[in-house]
Amino acid sequence: MADPFGTFEQQLHSALATVAPALGVHGALPITEVPPERTGHLAVPCFVLAKPLKVRPEEAALRLQAALETAASESRIELPGSLSTAGGFLNLTLEPARLAASVLEAVQDEGARYGHWPSSGTTVLLEHTSANPTGPFHVGRARNPILGDTLARVLRAAGDIVEVHYWVNDVGKQVVILSWGVEHMARLTPSAAEREKPDHQLVTYYQQANAAMETDPTVAAAVDARLRALESGDRSAREAVASGVREMLVGMQQTLRDLDVTIDVWDYESSLISDGSTKAVVEGLSSSPHAGVEEGAHFLDLAALGLGGKERFYFTRGDGTSLYTTRDVAYHRAKARKADRLINILGEDHKQQAAELAAALKVLDVPTLPESVFYSFVALPEGRMSTRSGRVVFIDDLIEESVKRAEAEVRARRPELSPEEWAKISRHVGIGALRYNLVRVKAAKNITFSWEEALSFDGDSAPFLQYSHARCAAILRKAAGAPAASSVQQFSTLTDQREQALLWTIGRFPSLVRQCATTLEVHHLPSYLNLVATECNRFYEHCPVLGAPQQAARLSLVAATKQTLGNGLRLLGIEPLEQM
RNA sequence: GGACGCGUGGCCUAACGGUAGGGCUCCGGUCUCCUAAGCCGGUGGUUGGGGGUUCGAAUCCCCCCGCGUCCGCCA
């Protein structure tokens with residue numbers, strides 16, 4: 001496992017630890033990267049040193065520098081570069097050849113594994129998306145599958161053993177309405193849907209059934225009757241509902257495939273009723289000292305459990321039947337038995353519910369509580385998306401439009417390519433652009449949808465990264481197997497500021513991956529890769545490779561850059577392209 | 001009304017408590033040379049407002065304002 005950044009950081013850490021006692025410093029000094037200006041690679045703030053030493057921060061930095069340099073000259077520590085001070089900071093600038101060798105050897109050794117950590121042994125059950133099977137995915141909640149799928153990839157890279165689950169809501173009123181609509185409306189009118197996909201076909205029946213229910217009491221009665229039949233275990237009701245859900249999921253799964261989102265396991269809510277686990281939850285919660293009953297309905301006293309806001313968490317109706325929340329508790333209790341860690345990707349509308357769920361799980365002494373990643377909705381300028389009001393943008397439409405625009409670009413730029421190549425490139429560019437745009441912003445941030453932004457192909461975008469990757473590929477193709485650098489002496493020719501900047505950035509990839517996994521924040525990844533691509537383009541512009549005296553070393557750098565961009569893009573679920 | 005989250009140049013956005021970086025737009029350069037979806041330069045900021053903690057606050061605490069979400073024996 002190679003981690004150039006971590007290795008250099010460790011060296012500096014241990015050097016500081018060796019020298020600290022002589023300076024009268026107790027705890028370890030913090031180390032921070034220095035992004036702006038070219039003051040160095042690693043910085044040590046010396047402000048905390050100033051007080052005990054009774055000197056100004058600048059002076060403290062100078063003393064620390066002197067102590068380190070003395071120790072280095074006496075071979076008590078090893079410094080991988082040179083020291084300088086600026087303000088109250090002590091800066092370490094890595095020795096260029098050392099940086100180049102460390103980074104390039106790491107990438108050469110690990111290839112497609114660069115940035116991936118050894119197994120942690122931790123099993124993670126990651127649940128995401130879990131949208132109700134009542135209609136096509138719309139953009140409002142589109143961050144869910146993208147965040148979830150990206151996080152799954154990142155956690156795996158960080159060494160976790162991840163299983164991705166989707167919880168299908170196949171009980172309750174909504175799916176009953178769907179099944180009723182499919183049976184009764186489909187016969188009457190042809191679907192108004194523009195797409196052949198089953199989810200688009202079926203949602204029209206669902207909408208018609210909803211409308212019919214409002215105007216026709218007999219429809220509402222029929223739906224209620226079926227709901228009761230379903231809950232009492234009636235076989236034909238169950239089959240009718242299951243068939244509607246099945247067909248709807250066929251269409252929804254196609255969209256996930258289009259986005260390159262992978263679900264490992266499909267869990268069905270109905271199974272939690274049939275296997276008795278929901279009933280067990282009711283019994284378990286009822287016996288809690290915090291449980292109460294009112295008119296037959298059971299609840300937990302949330303205030304007594306230390307939760308503000310809502311007073312009661314109901315887990316049965318007055319007639320004793322279970323609620324969605326009850327099944328949610330049963331589901332998480334079951335999941336907790338299957339993994340060391342549970343992670344859920346949830347819309348911000350689930351925040352309160354997640355807290356109540358956790359409280360209920362604690363009452364049941366479930367040892368593993370779910371960790372939640374909340375995201376804000378993608379709204380339209382005129383407000384929140386809603387399928388019923390027709391104020392929606394479907395993900396399928398967004399994909400189609402994005403790929404279409406990408407194809408227009410590719411055809412214009414690369415008229416010599418074949419139609420097959422056009423199709424392949426535009427598909428990966430179009431879908432990549434969408435995925436990128438949905439993960440580049442911190443999950444908690446509100447997003448207002450705009451076609452212009454969603455379909456941006458330049459600047460901070462997937463095509464920008466893919467383009468840099470393709471440029472690297474072009475150079476390597478033309479080099480046609482010319483030897484790459486392998487000796488430190490060759491690496492030492494990479495002294496240009498763009499080369500050094502690129503090397504340093506590439507060397508931070510493994511630690512960046514781990515940071516994303518630790519914080520469960522994937523937006524750092526696009527931000528980082530954008531920096532790699534930017535520095536790659538600067539290098540490309542100012543440092544000719546083919547035919548240059550330092551060709552071998554530069555080829556190594558190009559290969560390492562391509563590898564890092566490619567590995568990073570794959571973590572984002574975006575296809576790295578050899579040409580575009 | 002209460003709870004949780006968000007508020008960074010015209011627009012979008014990043015930043016373990018450590019010198020506010022990017023992108024889009026706009027203006028000016030740049031393809032006989034490895035792909036110009038690029039590169040180089042420029043305009044534009046008292047990080048919603050006010051207090052506090054700290055050597056140091058976009059970041060932590062308090063108050064206010066604006067936006068989002070939730071507050072069902074629905075899912």
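FYI, side chains are in, hydrogens and waters are out, and symmetry mates aren't considered; it's all heavy atoms of this structure. Numbers restart at 1 for each chain; the letters A, B, ... are given by sequence-line order, proteins then strands.
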Counterpart residues, ring pair (Phe, Tyr, Trp, His ring centres under 6.0 Å), relative to A:F5 (two or more places apart): A:W504
Could you tell me the Watson-Crick or G-U partner of B:U32, where both distances fall under 3.5 Å? Say none if there is no partner. none
Can you tabulate the close N/O pairs, meaning under 3.5 Å, that link protein atoms to atoms of nucleotides 26-31 of chain B?
none

Give a yes/no answer on whether the side chain of A:H469 brings an N or O atom under 4.0 Å of OP1 or OP2 in B:U35. no
Using purine N1 to pyrimidine N3 plus N6-O4 or O6-N4 for Watson-Crick, or N1-O2 and O6-N3 for G-U wobble, each under 3.5 Å, what pairs with B:G7? B:C65
Nucleic acid footprint by protein, nucleotides 65-74 of chain B - heavy-atom cut-off 4.0 Å, B for base, S for sugar-phosphate alone: ---BSSS-BS
So, does A:K445 get its side chain near the phosphate of B:C12, meaning an N or O under 4.0 Å from OP1 or OP2? no
Residues two or more places apart in sequence or in another chain: which of them pass ring pair (Phe, Tyr, Trp, His ring centres under 6.0 Å) with A:Y166? A:W266
Rounding to an integer number of angstrom, what distance separates B:G48 and B:U54 when you compare their P atoms? 23 Å
Salt bridge (charged side-chain N to carboxylate O under 4.0 Å, His left out) with A:E269: which residues, sequence neighbours excluded? A:R327
Counting any heavy atom closer than 4.0 Å, what does A:F464 reach on the DNA or RNA strands: base, sugar-phosphate only, or nothing? sugar-phosphate
Please list, chain by chain and in numerical order, all residues satisfying salt bridge (charged side-chain N to carboxylate O under 4.0 Å, His left out) with A:R238, sequence neighbours excluded. none
Residue pairs, two or more places apart or on separate chains, that pass side-chain hydrogen bond (donor to acceptor under 3.5 Å, both in side chains) and touch residues 448-462 of chain A: A:Y436-A:D460
With A:F315, which residues qualify under ring pair (Phe, Tyr, Trp, His ring centres under 6.0 Å), at least two apart? A:H298
Regarding the side chain of A:N530, the nearest nucleotide among B:A75, B:G22, B:G18 is B:G22
Partners passing ring pair (Phe, Tyr, Trp, His ring centres under 6.0 Å) against A:Y331 (at least two apart in sequence or in another chain): A:W167
